[in-house]
Amino acid sequence: MRREGSPFTGTGAVFAKEYADHLGSARMRVIEALVVIVGVVVVWVAMRDLKDKVTQDQFIFLRLFTYAPESNPVNFAGLLTFLIPLVAIGLGFDAINGEFNRRTMSRVLSQPIYRDALLIGKFLAGLATLATGLIALWLLVMGGGLIVLGVPPSGEEVARGLAFLVIATAYGGVWLAIAMLCSIIFRSAATSALTALGIWLFFSFLWPVIAPAIFDGILPLIAPQRVLAGSATADDVAGLLDVQQLIMRFSPTVVFQEAWLGVFSPDQFTEQQIMRIRLDPRLGHRVIPGSPLSFGQSLLMVWPQFTFMVAGAIVIFTLGYVSFQRQEVRA
Amino acid sequence: MSDDLVIEAKGLTRRYGRGPTLAVDHIDLAIKKGEIFGLLGPNGAGKTTTILMVLGLTESTEGTVSVLGHDPLREPLQVKRRVGYLPDSVGFYDNLSARENLIFTARLAGIDKAEAGKRIEESMARVRLTDVLDNRVATYSRGMRQRLGLAEILMKRAEIAILDEPTSGLDPHATFEFLEMIRGLKADGVAVLVSSHALEQVQSVCDRVALFNKGKIALQGTVEELGEQVLGLRHDLLVEADGQDIAARLGKIEGVSAVEPPGSGRGLLVRADRDVTAEVVAAATRDGGRLRQIRAIEPSLQAIYNRYFEGVKDAA
């Protein structure tokens, strides 16, 4: 049975209202404060430590995002790995239950729109708010870097920065979808926020510890006999490393870290990446170890991670969509 | 479906979960164009569920409902475009002004911007909220919120207005004002479906009512019809007169079954099973008696309701 009319009727109206609400809300003030503080700190560190290396480093603007002083081993991109989920959860944890608690849900749904419009409009508005903050932060860092370092970024550095913005927004989308799913399942905003934060803690801090343990546990079951006997080929090792990495990649945090490393560090590879490059015919014959990857090659490297995050966001959003469609309207 | 019916439900049923109890149990409703129809009954009797099924916001387990000739589940946009809904204790976005709230609704309803601006001014004037149009809704009292909800329905130019417990929690004055506004909707030719557990309040505005109990419609019709059906044909009078032995004199009139003090106020309640107005006047004014007041007592819904469910309980 086909539904009458378009499911997107009213999406624009919901998007415009929610986006305006987000931008005018106290939460946005907090996000803005974070953006300014993070931006200023990054530029300040760059001024202190990176200024002297301008002439030696081809990717000095990318170092702005990946450089970490020895005293505090958290770089800008690493910081965003934690910050983006927090902001996304902050924007989404009360998206749906908030409408019930304000008793506006039945009134809104009695207008000639489908529930789709409400959910999609809210998701896109959250994503747009997040992207707005990220773009502001990126411009701040690039602008500050321009002043402090005294050289303009190359076209490739700008392109890599833009690619990072897109990837970071997709990562934010995953967490926004998780937060909105919680806001659909739990009627209490506090429960929803706590659950979303719990998921975030689990995947950010616990999963990197649990995943290797799981790998060690299943190793005897999956490893070929010769590996256990102590004579592994390079292919065996690469295959097992892939499995370990696969388990790690259940966490969106890990996937995002891989992605920004790929975009921002064209000349720094992990052991495993070098091995992959050697084994992968698409990359192998074009990459000379030790020399940086071209922008196109970097994109090719992080494409799976990017697709994974987009797909993850869509899957989680769909789960929320299905449970929202079945939800009783009465408050 | 005949032309003047705007809502028609047949055998409408809703079951929650797997239990044997039905929230709404095979009800039939037929609401005509331009009438005020009351869904009355205690909390939890199935009124809100019925309303949600009429709006297509909840699926029915069984039965059919047709709103303005459309099925609310298959053609929800058609139905929702022409029906206005004021939910029980309606909420608005507190951080926005009344005007901004209505602009948002107008956009959802697909009303173009210039037209919406005009309609918002008009409808807010009708519910007498023009002065506070640009105040944040957070500053609104409960009565003002209800009126804002009504303004939303007016702005939509709805052909059917569905009001769920619109007067609950309002003070007597606000209730009176709100009921006046409901009459105003009727004057515009809008069919009004109003639910309430406060029988007396709504009795005065409803053309017809349906009394709900445990998911079923126990009685349906005009208040007079229900009175006749449940209480029998009554011609009770309230008489206030000076003179000796007024009560005894009135009691002797043929057809009068009892003369007793009324529940409240002055005078005498004359219970009769035929129209005895002329005899009462004659009896009261005889021998220098002076008649101060005489009026017929309408059957009250509360009395009908109580009597009916007493009867049902006894039978059970």
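Numbered from 1 within each chain, the chains take letters A, B, ... in sequence-line order.
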Give a yes or no on this: more than 12 heavy atoms of other residues, nucleotides or ligands lie within 6.0 Å of atom CZ of A:F250. no

With only heavy atoms counted, which part of B:I103 is less than 4.5 Å from chain A, the side chain, the backbone, both or neither? neither

Separation between CZ of A:R107 and CG of B:L108, rounded to the nearest 0.5 Å: 9.0 Å

Return yes when atom CZ of A:R29 has more than 12 non-hydrogen atoms of other residues, nucleotides or ligands closer than 6.0 Å, and no otherwise. yes

Part of residues 188-205 of chain A lying next to chain B, heavy-atom separation under 4.5 Å: none

What part of A:D21 is in contact with chain B, defined as an atom under 4.5 angstrom from a non-hydrogen atom: side chain, backbone, both or neither? side chain

A:V108 vs B:Y93, side-chain contact (heavy atoms from CB on, under 4.5 Å): CA-CA, chis, key distance, verdict: CA-CA 11 Å; A:V108 169; B:Y93 299 107; 3.5 Å; yes

Please indicate whether B:K214 has more than 12 foreign heavy atoms, meaning atoms of other residues, nucleotides or ligands, lying under 6.0 Å from its NZ. no

Student check: side-chain heavy atoms of A:K17 and B:R107 closer than 4.5 Å: no

B:T105 vs A:Q111 side-chain heavy atoms within contact, under 4.5 Å: yes

Which atom pair, heavy atoms only, marks the closest approach of A:S110 to B:K156? O-NZ, 3.4 Å

Applying a heavy-atom distance below 4.5 Å, give me the residues of residues 46-59 of chain B that approach chain A, sorted by number. B:T48, B:T49, B:L52, B:L57, B:T58

Closest non-hydrogen atom pair, B:L77 against A:I113: CD2-N, 3.7 Å

